[in-house]
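So the structure is just underneath, and the comments pick up after that.
In each ligand, atom 1 is the first atom listed, and ligand 1 is the first ligand listed.
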Amino acid sequence: MEYEIRHAVPDDLEAVHQIMLSQSVIDGTMRLPNQSIEATRNRVESHTGYHRLVALKDKKVVGFIELETYPLYPRHKHAGDINFIAIHESHQDKGVGRALMNAVIDLADNWLNLKRLSLEVWTTNQSAIRLYENCGFSIEGTHPAYVFTNGAYGDAHSMGRVLDRE
Ligand SMILES: CC(C)(COP(=O)(O)OP(=O)(O)OC[C@H]1O[C@@H](n2cnc3c(N)ncnc32)[C@H](O)[C@@H]1OP(=O)(O)O)[C@@H](O)C(=O)NCCC(=O)NCCS
């Protein structure tokens with residue numbers, strides 16, 4: 001399925017916030033239940049080093065991804081972190097996550113000249129791990145008791161993708 005991908009803008013706030021209120025997004029990320037829209041606002045504002053994209057289906061925002069880069073750190077400016085990816089619950093498992101990951105990887109490889117991409121994912125999040133592996137990420141390590149979710153500690157994998165280019 002084809003999705004339009006573009007940079008997030010402040011007018012996307014309400015749609016991005018609705019995505020972040022869903023239970024699967026709370027479970028899969030550091031979000032808390034019932035967070036206010038103010039907790040989402042910085043995700044659609046412009047900040048140095050942050051690249052936030054949205055995916056649209058029929059002009060409606062159905063997915064969001066955030067890449068953080070470090071242009072002010074000479075020794076780390078070749079690296080980027082995918083801090084957040086979330087798809088509207090009614091559009092999950094239809095290729096939106098893949099489309100957003102492909103867009104961020106194209107940005108990183110072909111425009112930002114990044115050599116390394118990293119992310120963290122809960123070890124229970126099989127759909128996300130599968131998506132990242134399909135995009136060339138591998139598990140680099142596992143952090144015990146990294147996150148607290150609904151009354152229980154959970155582990156996280158660090159995953160990375162290093163571009164084979166000098
Ligand atoms: C994880 C998430 C980003 C994946 O996005 P998506 O649009 O649902 O995924 P896609 O449709 O692009 O599928 C990507 C891959 O995951 C697989 N997948 C999707 N849902 C799956 C599921 N429930 N179980 C197993 N695999 C699944 C797909 O089969 C696909 O693999 P393939 O290319 O081998 O077919 C999305 O489900 C989401 O927003 N989850 C809640 C928030 C979250 O957990 N974010 C990740 C934080 S690290």
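Using a 30° and 60° split on the angle between ring planes, H7 and H51 fall in the perpendicular class, above 60°.
Across V96, N125, D93, heavy-atom proximity to atom 44 (O) of ligand 1 is greatest for N125. Taking all heavy atoms of G95, S127, S24, G63 into account, the minimum distance to atom 11 (O) of ligand 1 is reached by G95. In this structure, of I26, L100, N134, V62, the residue bringing a heavy atom nearest to atom 30 (C) of ligand 1 is N134.
When heavy-atom distances to ligand 1 are checked against a 4.0 Å cut-off, Q92 comes that close through both its backbone and its side chain. Proximity of L119 to ligand 1, defined as any heavy-atom pair under 4.0 Å, is not found for any part of the residue. Here Y132 has side-chain heavy atoms under 4.0 Å from ligand 1, and that is the only part of it that gets that close. Heavy atoms of K94 found under 4.0 angstrom from ligand 1 belong exclusively to the backbone. Contact annotation: for Q126 versus ligand 1, there are no heavy atoms closer than 4.0 Å.
Of all protein heavy atoms, the one closest to atom 47 (C) of ligand 1 is G28 O, 3.3 Å. Nearest protein neighbour of atom 4 (C) of ligand 1, counting heavy atoms only, is L131 CD2, 3.9 Å. Nearest protein neighbour of atom 36 (C) of ligand 1, counting heavy atoms only, is I87 CG1, 3.8 Å. When only non-hydrogen protein atoms are considered, atom 12 (O) of ligand 1 lies nearest to R98 N, 2.9 Å. Nearest protein heavy-atom contact of atom 35 (O) of ligand 1 is R130 NH2, 4.0 Å. Remark: minimum distance from atom 7 (O) of ligand 1 to any protein heavy atom is reached at G97 N, 2.7 Å. For atom 45 (N) of ligand 1, the nearest protein heavy atom (residue, atom name, distance) is I85 O, 2.9 Å.
Looking only at distances, a side-chain donor or acceptor of D155 sits under 3.5 Å from a matching main-chain atom of A145.
Look at H88 and you'll find every heavy atom at least 4.0 Å from all atoms of ligand 1.
Counting atoms of ligand 1 from 1 in the listed order, those under 4.0 Å from a heavy atom of E120 are 48 (S). Set against the non-hydrogen atoms of A86, the atoms of ligand 1 under 4.0 Å away are 39 (O).
Of all heavy-atom pairs between A55 and Y3, the closest is CB-CB, 4.4 Å. Contact detail for K77 and P71: the closest heavy-atom pair is CB-CA, 4.3 Å. Heavy-atom minimum distance, I5 versus A103: CG2-CB, 3.9 Å.
A 6.0 Å sphere centred on CG of N150 holds no more than 12 heavy atoms belonging to other residues, nucleotides or ligands. Surrounding CZ of R75 are at most 12 heavy atoms belonging to other residues, nucleotides or ligands under 6.0 Å away. Environment of OH in Y153: sparse, with no more than 12 heavy atoms of neighbouring residues, nucleotides or ligands closer than 6.0 Å.
Under a 4.5 Å side-chain heavy-atom criterion applied to ILVMFWY residues, the cluster that includes V16 comprises L13, I19, M20, V25, I37, V44, V54, L56, V61, F64, F84 as well. By the 4.5 Å side-chain criterion applied to Ile, Leu, Val, Met, Phe, Trp and Tyr, L21 is assigned to no cluster and stands alone.
Ion pair R6/D12 flagged as a salt bridge, since at least one NZ, NE, NH1 or NH2 atom sits closer than 4.0 Å to an Asp/Glu carboxylate oxygen.
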